[in-house]
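Structure first, then comments.
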Amino acid sequence: MRRFKGLAMTVVMGGVIAVAAGCGSDDAKTSGSEGKGSSQLQGEVITDGSSTVFPIMEAVAEEYMSAQPDVKVSVGSSGTGGGFKKFIAGETDLSNASRPVKEEESAMLDDKGIKYTELKLAFDGISIVVNKDNDFIDSLTVEELQKLWIDNGKVKKWSDIRPEWPKEEIKFYSPGTDSGTYDYFNEVILEEKPMVENATLSEDDNVLVQGVEGDKNAIGFFGFAYYAENKDKLKIISIDNGKGAVEPTHETIKSGEYAPLSRPLYTYVANKSVAEKEQVADYTQFVIENAGELSEEVGYISLPEEEYQKDLDKLKELKK
Amino acid sequence: MKLINKSHVAKRMPVRLAVNTICKGLFFLATLVGLIVLAILFYRIFTQGIGHLNGDFLQNFASRKPEEAGIKAALIGSVWLMAVVAPVSLMLGVGTAIYLEEYARKNWITTFIKVNISNLAGVPSIVFGLLGLTVFVRALALDRSVLAAGLTMSLLVLSVIIVAAQEAIRAVPRDLREASFGMGATKWQTIRKVVLPAAIPGILTGGILALSRAIGETAPLVVVGIPLFIAFLPQTVLDTFTVLPMQIYNWTSRPQEEFQQVAAAGIIVLLILLIVMNSIAVLIRNKFQKRY
């Protein structure tokens, strides 16, 4: 027993020292920043919303920290819908979204008298992928995508789509229904009809990557960044929207050629917050000015320069 | 006169010994399953994460660059959360258990309350998150603070602590109480000096389980609206914060391979924090342990 006590004691002491080291360095930092000039802004900026947009906002907040160390920026990741709920309750200054605000959501915002402005941050291309060993598919038309993904009550085989394809059962992998990616796919491909029943849904896109990687008859879709990081493990499908097959690449997503699966990512800012809180106005401007470069860094595609200029003009209007 | 039929015993002996050996093997196997899974988990986590685990990792805030990503905000946030959850849930939980076991009259209302408390342990954690959002965050206007989240988590683990404390108090032998009363002690004196010290090992076991659950939960915190990225530390219980499991989950869901390793390093930190917490509880338990 005594030996065990000694061991436990060592572990406890080790832990305490580790935690204390963390705290200690923090104190040093805060006291250092107080010395900086009085032109620094203060206060809170609260943002929440889409987990797809989160990496961009995390990067922006990280950079903003060195520009304005006394402004406390917090970024949540409760999903596009969850974010709007908090935005409607007036609890957040900016709400990130991977789809435009829904009609019912904007009606609720009107009810509460919350005026908002939509800002575009970047593009994402929803990528359709199959297993690396799949040698018969290179491209799909939008109609074929619909035939694949909309439920018809039967088990689907590749041969149901094109007769020359193998008579093997297709395995489907899709992001979970809470995600904006699902919402977007639901709107443009499924057109609000139910998705195939035996699809595997996951909120974690890495699970989808692994699923498609490990199953010869799998097909799945997710954000472009997950394909870009796993290019050697997956095979990308070009999408034919009546104007020839287009593979999602940096260029085709940016130019809008990869349609209809290119989607913009947004943040919605409360007009009142910009007008009343100096730090929110400053932060929002910082977001627009840096979204392009930083979204590229985390795996998304920046908008054309004029789009950001438009956003900046919108913001200027709000500050008046 | 022979009381024992030796030949009969000798005949049964090999079978009895065989059954004994089989049972031993069976239960050893059962233990092994858990241990092997744990060993695989440890191996995977440590080989992935050990490279990222250094002083910078503990002292940096989260970052978009995996090599610069650190866990400071989440680690300190989790410690703050525990600083609220541990006292609140233990005091409320043990208090409730003492009332129900020692003071409350044994009637149908008490039974009804006890049954409901046990049932609360099975309520999904997200429901507690909604409760916390409505009551603490909005009605009491505590915002997305350490206090609001801590109170929510305390409610979540309260029923586990109450049930464990009740069992522990009930297991204290009746003779001890009667001896104490016999010496002229009041009810409160008996509870404080006799019943509680004897029950503390059991109470702490429940407490360890409850706090381990609280430190690993994410769902209620997401509902309450605790942010994921912050680049500052809470100064009081009314500041906002983030916690380890949320940060780890976010890293595992990133597309970049390197973030998987960062996540593994985060898991190691969470494991160490858990071990530290449990060791403290074990130390206290050993100090109070008395055998009757």
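Convention: sequence-line order gives letters A, B, ...; per-chain numbering from 1.
Heavy atoms of A89(A) lying under 4.5 Å from chain B belong exclusively to its side chain. Only the side chain of E91(A) comes within less than 4.5 Å of a heavy atom in chain B; its backbone stays farther off. When heavy atoms are compared at a cutoff of 4.5 Å, R138(B) approaches chain A solely by way of its side chain, counted from C-beta outward. Residue L294(A) touches chain B through its side chain alone, counting heavy-atom pairs closer than 4.5 Å. Proximity to chain B is limited to the backbone of V73(A), based on heavy atoms less than 4.5 angstrom apart. Residue N250(B) touches chain A through its side chain alone, counting heavy-atom pairs closer than 4.5 Å. Residue contact with chain A, scored on non-hydrogen atoms closer than 4.5 Å, is absent for E258(B). Interface residue F54(A): only side-chain heavy atoms are found under 4.5 Å from chain B.
Across T52(A), T267(A), D48(A), a single residue satisfies side-chain hydrogen bond (donor to acceptor under 3.5 Å, both in side chains) together with N96(A), and that is T267(A). R64(B) pairs with exactly one of E293(A), E296(A), E63(A) by the salt bridge (Lys or Arg N to Asp or Glu O under 4.0 Å) rule, that one being E63(A).
A salt bridge links E58(A) to R254(B): at least one charged side-chain nitrogen sits closer than 4.0 Å to a carboxylate oxygen. In this structure, E213(A) does not pair ionically with K132(A), as no charged nitrogen and carboxylate oxygen lie closer than 4.0 Å.
For the 3.5 Å distance criterion, the side chains of S98(A) and T80(A) qualify, holding a donor opposite an acceptor. A side-chain donor-acceptor contact under 3.5 Å links Y64(A) and D282(A). In summary, the side chains of S253(B) and D204(A) do not present any donor paired with an acceptor at a separation below 3.5 Å, with no hydrogens or angles considered.
The distance from the OG1 atom of T242(B) to the CG atom of L228(B) is 5.0 Å, given to the nearest 0.5 Å.
The residue among M277(B), R144(B), M246(B), E257(B) with the most heavy atom pairs within less than 4.5 Å of chain A is R144(B). Chosen from S63(B), G55(B), A231(B), A73(B), the residue pairing most often with chain A at heavy-atom distances under 4.5 Å is S63(B).
Not one N or O on the side chain of T92(A) forms a donor-acceptor pair closer than 3.5 Å with the backbone of S95(A). Put simply, the side chain of Y249(B) never gets that close to the backbone of L244(B): no donor and acceptor are under 3.5 Å apart.
Of all residues spanning residues 202-224 of chain B, those with a heavy atom less than 4.5 Å away from chain A's heavy atoms are V222(B), V223(B), V224(B), arranged by number.
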Handout entry: Stepwise ring-ring contact (aromatic ring centres under 6.0 Å, His included) test for F224(A) and Y300(A)
Key = CA-CA 7 Å; F224(A) 182 70; Y300(A) 296 108; 9.1 Å; no
